[in-house]
Peer 1: 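Have a look at the structure that comes next, please.
When reading the values below, keep in mind they use all heavy atoms of this one structure, side chains included, and skip hydrogens, waters and symmetry mates.
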Amino acid sequence: MKKRTIFATTLLLTLASLLFSSCDGDKWRLPIAENWEYSLTDPHESVAVFYPVEEVRALETLVPDEKGFVYIRKKFNLPPALLDRELGLYLGRVTIADETWVNGIFVGKTGRFPPKEFSSWNTVRGYTLPKGILNEGENEILIKIWCNGEGGIGYNAFIGTYDDVKHFANSQDFWFSKINLLFAFFMIIIAFYHIIIFARRPQDKENLLFALLNFVSVFYILIYFVNQIPWLPRDSTDFLLYQKVFSSGLPFIIPFLVTSFVNSFLKRKEHRLILAIRLAFMIVPLIIVFAQPDYRSLRHITSPLLIFMIPPMGYSIYVLLRRRFWKKQDEAGILLWGFSPLVFTVLIDQIIHNLLKLDSLPYLTSMGWQLVIITLLFILANRFAAARNEAEDLNANLEKKVSDRTKELSESNAQLEEAKQKADRDMQLAVHVQESFYPSHSPFVDGWDIAYHFRPMSGVSGDLYEFFQEGRTFQGLGLFDVSGHGIASGLVAMLGKVVLDRRFYAGANEPLNKVMEDINNELVESKGDIENYLTGVLMRMRGNHVEYINAGHPRVFVRTAKDGKVVPIELPDQTSSADGGLVGIAGMNPNFKVIGFALNPGDSILLYTDCLYESRNVEGMEMTQEGVLKMFSNVKAANASGKLNEVLEQFADFTKGVPLRDDLTVIVVQKK
């Protein structure tokens with residue numbers, strides 16, 4: 001219904017303009033739009049030489065610097081059909097100001113000549129020709145026109161019967177001028193009405209912005225009816241300043257207000273940078289407009305400056321389209337239809353005036369904008385009415401709605417509590433199962449001192465650790481971290497524990513990189529389509545010799561007992577020890593590289609998961625792997641347990657006041 005109403009209203013206005021702009025008196029008219037002559041010399045003061053003029057709408061091109069007086073004349077013979085009748089002269093809209101004579105007799109003037117020039121561009125010229133002023137022979141029309149950056153008469157000038165000229169001039173005056181005056185009065189009432197609403201409800205800023213849109217629109221269309229208001233001080237008004245403010249300046253304020261209205265109507269918060277850019281698109285052209293020294297330069301700069309209106313209006317359309325089609329906000333669709341009359345009338349004007357050159361027809365863009373104002377008025381009124389109805393319905397049914405809602409919430413809370421209890425039981429079972437999979441204490445082995453700390457963030461953990469031994473012989477260890485959190489990563493960790501145990505012991509006589517490849521392949525096959533992958537460290541100990549593979553895991557550090565120096569374990573040509581790729585990703589085929597090194601008595605190794613170095617302090621600073629190296633360098637204890645405790649104490653001091661966001665596992669292995 002809203003679509004049909006907007007379309008029908010705009011169509012009726014267009015048809016009405018066509019109807020009123022033509023009359024059935026063409027057969028009694030004498031067209032005088034062509035074959036004019038011009039002179040720059042006043043024929044009243046001296047002999048003037050006249051030359052043919054091709055373009056009567058661009059007389060400013062005939063005078064130096066497009067500023068000065070032009071005299072144009074038209075000689076004609078009166079047709080018999082118009083003899084002995086009360087006649088009129090229709091000139092349409094003349095720019096900027098004119099004085100008109102017929103056969104040397106003054107018949108009228110409109111507008112104001114220098115030194116206090118003032119344009120009457122939107123005043124239709126329809127002059128009365130006294131009886132006897134025309135004769136059967138040759139007649140002459142002489143028009144004195146003041147040009148300043150623009151100047152000329154329309155293409156539809158004619159001589160006709162007085163009633164015909166009066167009727168046609170009145171119809172043109174209505175569509176060019178008076179209808180805008182009526183809309184201006186209407187918009188002033190709308191503006192004050194919404195200011196009152198805003199005063200009562202300041203949180204609804206769209207009412208204030210809509211009121212400002214109406215006020216700015218009234219001042220902008222003032223150029224169409226300024227000559228219709230007798231009490232306006234035109235005689236003392238500076239024409240250049242008037243044009244800068246009303247004709248050239250206000251159009252750049254309207255797009256800014258439109259976007260602000262859209263944001264407020266849709267309850268949309270705007271980034272400060274976007275607001276600053278929108279302000280720039282309004283302020284920059286205003287500065288340029290007010291910097292122009294004369295009306296001619298203002299005329300030439302105004303059209304290029306209109307490009308500043310395109311980004312704000314395009315941004316408004318983008319906001320509405322995004323809200324309507326991406327976020328499915330119905331009110332954005334309502335606003336799109338609300339602004340559609342403007343788009344429709346702009347297209348009509350382009351066709352009528354630029355393509356068909358029908359300059360006798362009025363411009364409909366201003367009417368399209370006025371239709372937008374009316375449509376937005378109905379949209380706001382509908383929202384206001386809906387809010388009132390909702391409030392009245394709420395007051396009438398509040399008690400019942402509260403009771404029903406309370407009952408619904410109670411039932412929902414009971415269901416949520418039951419689901420929570422079941423989830424807690426499931427989580428406790430999962431935690432218990434995982435705990436039974438992992439070592440419960442450090443291994444007791446010959447020649448090695450081992451300590452570890454394991455703290456899941458919540459429930460099951462995605463960290464996986466294992467110590468390998470045969471009797472009291474320490475064979476190696478593994479520390480892995482499963483991507484993600486929650487049940488899925490915990491299950492993958494337990495699966496990885498089973499695979500790790502089986503493959504390590506089964507590959508005791510195989511190269512360590514072959515063992516790691518077997519672990520990777522079995523994990524890929526066992527976990528199927530589960531997306532979680534692992535990073536980790538695998539070590540094999542044979543006496544004091546250590547074989548080591550790092551699969552995408554944080555650096556492992558070695559601390560020497562001789563001088564307390566801490567260094568990462570890595571290949572000589574690498575800046576990172578994470579050289580083997582990730583574990584458990586199908587199709588990756590990682591290349592696991594083995595690093596071998598020896599430990600002297602008292603030397604120790606620090607292994608950890610990413611929680612240790614990715615955690616932050618209250619200032620937002622990250623621990624980093626360099627920070628872990630520093631912590632390990634600062635320890636003073638002689639055994640593995642003491643070193644581990646000192647690292648954890650330093651870590652606790654650094655993260656004090658910030659909860660951990662990941663599982664934490666730290667292992668210290670020291671050679672005796």
Side-chain angles (χ1 to χ4, degrees), residues 430-431 433-443 448-468 474 476-501 504 519 532-539 548-559 568-569 577-578 582-584 604-616 622-625 627-629 631-632 635 640-652 654-655 659-670:
V431 171
V433 171
Q434 188 180 58
E435 287 177 348
S436 67
F437 267 63
Y438 289 3
S440 58
H441 56 78
S442 300
W448 296 90
D449 182 15
I450 303 172
Y452 76 93
H453 173 82
F454 173 62
R455 181 169 61 185
M457 180 180 67
S458 61
V460 295
S461 171
D463 285 359
L464 160 63
Y465 64 94
E466 180 62 294
F467 303 106
F468 306 108
F474 185 42
L477 63 87
L479 175 61
F480 291 81
D481 185 2
V482 182
S483 63
H485 300 286
I487 299 294
S489 61
L491 291 175
V492 173
M494 288 187 284
L495 174 63
K497 168 72 166 57
V498 175
V499 174
L500 181 63
D501 281 349
F504 186 87
I519 293 172
N532 301 74
Y533 61 87
L534 293 81
T535 64
V537 173
L538 185 63
M539 285 187 175
Y548 158 78
I549 291 177
N550 188 312
H553 204 69
R555 291 177 177 179
V556 174
F557 295 111
V558 173
R559 176 187 170 98
I569 305 173
S577 60
L582 305 177
V583 179
S604 53
I605 305 173
L606 176 67
L607 305 93
Y608 52 93
T609 52
D610 53 10
C611 177
L612 187 67
Y613 77 88
E614 289 183 348
S615 295
R616 299 177 181 272
E622 190 176 86
M623 168 63 73
T624 73
Q625 295 186 54
V628 174
L629 184 152
M631 288 195 301
F632 198 34
V635 299
S641 178
K643 288 182 171 66
L644 174 65
N645 290 334
E646 289 187 36
V647 168
L648 293 175
E649 288 173 1
Q650 295 178 70
F651 178 70
F654 180 81
T655 59
L660 299 185
R661 300 184 180 276
D662 201 354
D663 306 317
L664 175 64
T665 305
V666 185
I667 301 174
V668 175
V669 179
Q670 182 168 312

Peer 1: What's the spacing between Q670 CD and L644 CG if we round to 0.5 Å?
Peer 2: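 The CG atom of L644 is 11.5 Å from CD of Q670, to the nearest 0.5 Å.
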
Peer 1: Is any side-chain heavy atom of V492 closer than 4.5 Å to one of L534?
Peer 2: yes

Peer 1: Who passes side-chain contact (heavy atoms from CB on, under 4.5 Å) against Y613, sequence neighbours left out?
Peer 2: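 Testing Y613 for side-chain contact (heavy atoms from CB on, under 4.5 Å), a comparison that skips the adjacent residues, returns P554, Y608, D610, Q625, V628.
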
Peer 1: Do F468 and F474 have ring centres separated by under 6.0 Å?
Peer 2: no

Peer 1: Can you give me the closest heavy-atom contact between A451 and S442, atom names plus distance?
Peer 2: CA-OG, 3.6 Å

Peer 1: Quick check: closest heavy atoms across V537 and F480, and the distance to 0.1 Å?
Peer 2: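 Distance-wise, the nearest heavy atoms are O-CE1, 3.7 Å.
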
Peer 1: Which residues pass the side chain to side chain donor-acceptor pair (under 3.5 Å) test with T535, not counting sequence neighbours?
Peer 2: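 Expected list: H553.
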
Peer 1: Can you name the side-chain contact (heavy atoms from CB on, under 4.5 Å) partners of V558, sequence neighbours left out?
Peer 2: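 So V558 forms a side-chain contact (heavy atoms from CB on, under 4.5 Å) with I569, F597, L599, I605.
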
Peer 1: Could you state the interatomic distance from CE (M623) to CD (E614), rounded to the nearest 0.5 Å?
Peer 2: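 It is 12.5 Å, given to the nearest 0.5 Å.
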
Peer 1: Please assess E466 against D501 for the test side-chain contact (heavy atoms from CB on, under 4.5 Å), listing each intermediate value before the final yes or no.
Peer 2: CA-CA 8 Å; E466 180 62 294; D501 281 349; 2.8 Å; yes

Peer 1: Which residues pass the ring-ring contact (aromatic ring centres under 6.0 Å, His included) test with F557, not counting sequence neighbours?
Peer 2: none

Peer 1: Any chance you could lay out the side-chain contact (heavy atoms from CB on, under 4.5 Å) test for V556 and M539, step after step, and finish with the verdict?
Peer 2: CA-CA 11 Å; V556 174; M539 285 187 175; 3.8 Å; yes

Peer 1: Return the NE2 to OH distance between H441 and Y452, rounded to the nearest 0.5 Å.
Peer 2: 8.0 Å

Peer 1: Can you tell me how far the OG atom of S604 sits from the NZ atom of K643, to the nearest 0.5 Å?
Peer 2: 4.5 Å

Peer 1: Checking the side chain of N532 only, and the main-chain atoms of S483 only, is there a donor and an acceptor separated by less than 3.5 Å?
Peer 2: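 Yes.
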
Peer 1: What heavy-atom pair brings F632 and R559 nearest, and what distance separates the two atoms?
Peer 2: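 Minimum heavy-atom separation between F632 and R559: O-NH1, 2.9 Å.
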
Peer 1: T609 versus L479: any side-chain heavy-atom pair under 4.5 Å?
Peer 2: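 A side-chain contact exists here, since the closest heavy-atom pair is under 4.5 Å.
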
Peer 1: Can you tell me if OH on Y465 sees more than 12 non-hydrogen neighbours from other groups inside 6.0 Å?
Peer 2: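 For Y465, atom OH is crowded (more than 12 foreign heavy atoms under 6.0 Å).
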
Peer 1: For the atom pair CG (D481) and SG (C611), what is the distance rounded to the nearest 0.5 Å?
Peer 2: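 These two atoms lie 9.5 Å from each other.
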
Peer 1: Roughly how far apart are L538 CG and I519 CD1, rounded to 0.5 Å?
Peer 2: 5.0 Å

Peer 1: Would you check, one step at a time, whether the test side-chain contact (heavy atoms from CB on, under 4.5 Å) holds for Q650 with V635?
Peer 2: CA-CA 9 Å; Q650 295 178 70; V635 299; 4.1 Å; yes

Peer 1: Check side chain to side chain donor-acceptor pair (under 3.5 Å) between E646 and all other residues, then give those that pass, not counting sequence neighbours.
Peer 2: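 None.
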
Peer 1: Please table the atom pairs, donor to acceptor, closer than 3.5 Å between any side-chain atom in residues 660-669 and protein atoms at least two apart or in another chain.
Peer 2:
from	atom 1	to	atom 2	distance (Å)
D663	OD1	M457	N	2.7
D663	OD2	S461	OG	3.3
D663	OD2	G462	N	2.8
T665	OG1	D463	OD2	2.9

Peer 1: Looking at every non-hydrogen atom in both residues, tell me the closest pair between F651 and S615 and how far apart they are.
Peer 2: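 In terms of heavy atoms, the two residues are closest at CZ-OG, 3.6 Å.
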
